[in-house]
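A short write-up of the structure that comes next.
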2 protein chains.
Amino acid sequence: MADRHGPELAAPLAERLRARGLRLTTQRQRVLAAVAALEHATPEAIGARLREEAGPDGAAPDTSTVYRTLELLERLGLVWHTHLGKGAPVYHAAEHPHLHVVCQGCGEITSADPALLAAAAERLAADLGFQLDVGHVALSGTCRACRGRAGTEHS
Amino acid sequence: MADRHGPELAAPLAERLRARGLRLTTQRQRVLAAVAALEHATPEAIGARLREEAGPDGAAPDTSTVYRTLELLERLGLVWHTHLGKGAPVYHAAEHPHLHVVCQGCGEITSADPALLAAAAERLAADLGFQLDVGHVALSGTCRACRGRAGTEHS
DNA sequence: CTCGCTGCAAAGCTTTTGCACCTGT
DNA sequence: ACAGGTGCAAAAGCTTTGCAGCGAG
């Protein structure tokens, strides 16, 4: 099930790489598959996943390769990233656009319907000529579970 | 004009510090003033500003103090921070709530009316029990000026 | 056969932490 | 005087970069 996104993405990857005269490598295919499988993954998490998949054979791509590849995949339009908090960019496959809702309390990430921001997007476009990029948006707040816990902190 | 926010914030600062048995120091007052003056400031920018204000006298707070103070001020509810991109948390005074609109192209930050997300906030609350924190939200996209430039990149 | 890609390792940054000294109360 | 705060410097993450060898086309 880890590669249920694999086949769907393999074709576009090869295609877009060829179109630019770039090469299709095992590492690139694996990184893309990992991003798709882990819905909200940090570079670190992706690396871990790859290392895990590779097993003791140790054939996992190097960290620097993961970073370089993520950057490339993003340029190819196959993945997107969002900054949810501190130093943690999160990558996800560009297949199904969705926005991220992040709880400040527990750090849980939920995907939400992009339509949620349709109204806001229209107003930004009308008022400022600003084109909202829904895929990159992260909405912060507090989830239901943490609302109870909140406020317990001081006094 | 740099300290037009100073007086407004000085009182709450002293007050909240005393309420917790903490001390009012010059550094804390300066950091708060700098955050208020620079509307969207990174810790680095705040440090630079303080160093600049201090002049050759060199009486600027240390970087570590800036970080510690920002954390404290946030705990006191006097400032808020948002993550707009890479490793760049942006702090702003908690006086006037507003959300941030950031252009991916030029990095320009615009403030927008929190009401923009009122509808989205209500739906998140209703559907997920999620309380949206408008002050922390950053909306990414492309500004009018950069829309022209965009797309020029590939083919 | 060529040039792009990868792995390794070191450099770069921003942010955090430990400690001794200084300062607000 | 007492505790909290600050500065300094070292440590810690996370990401980027240089280079030589490997591999796709």
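The chains referred to below are lettered A, B, ... by the order of the sequence lines, with proteins before strands, and numbering in each begins at 1.
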Nucleotide C/dC5, atom C1' - distance to CG of A/Leu70 in whole Å | 15 Å

Establish whether the base of C/dC5 is bridged to the side chain of A/Arg28 by a donor-acceptor pair shorter than 3.5 Å.
-> no

5′-ward residue of the pair A/Asp62/B/Arg18 relative to DNA chain C | A/Asp62

Heavy atoms, side chains only, cut-off 4.5 Å: are A/Val79 and A/Val31 in contact?
-> no

A/His136/A/His100 aromatic ring centres below 6.0 Å | no

Euclidean distance, atom CG of residue B/Leu17 to atom C1' of C/dG24 [Å, nearest integer] | 11 Å

Side chain A/Arg68 and base C/dG7 donor-acceptor under 3.5 Å | yes

To the nearest angstrom, how far is B/Leu84 atom CG from C/dT14 atom P?
-> 16 Å

Side chain proximity check, B/Phe130 to A/Arg144, heavy atoms < 4.5 angstrom = no

Report yes if some heavy atom in the side chain of B/His81 is under 4.5 Å from a heavy atom in the side chain of B/Leu70; otherwise report no.
-> no

In whole angstrom, what separates B/Leu24's CG from D/dG5's P?
-> 11 Å

Contact nearer the 5' end of DNA chain D, comparing B/Gly21 with A/Ser64 | B/Gly21

To the nearest angstrom, the CG-P distance between A/Leu76 and C/dC5 comes to 10 Å

Answer with yes or no whether A/Arg23 presents, from its side chain, a donor or acceptor under 3.5 Å of a partner atom in the base of C/dG4.
-> yes

Under 4.0 Å between a side-chain N or O of A/Gln27 and OP1 or OP2 of D/dG23?
-> no

Nearest-Å distance for atom pair CG/C1', residues A/Leu13 and C/dC5 = 14 Å

Distance below 4.0 Å between B/Thr25 side-chain N/O and C/dG24 OP1 or OP2 | no

What is the distance from CZ of B/Arg30 to P of D/dT6, rounded to the nearest Å?
-> 12 Å

Does any donor atom in the side chain of A/Thr26 or A/Arg30 lie under 3.5 Å from an acceptor atom in the other side chain?
-> no

Atom CD of B/Gln29 and atom P of C/dT23: how far apart are they, to the nearest Å?
-> 15 Å

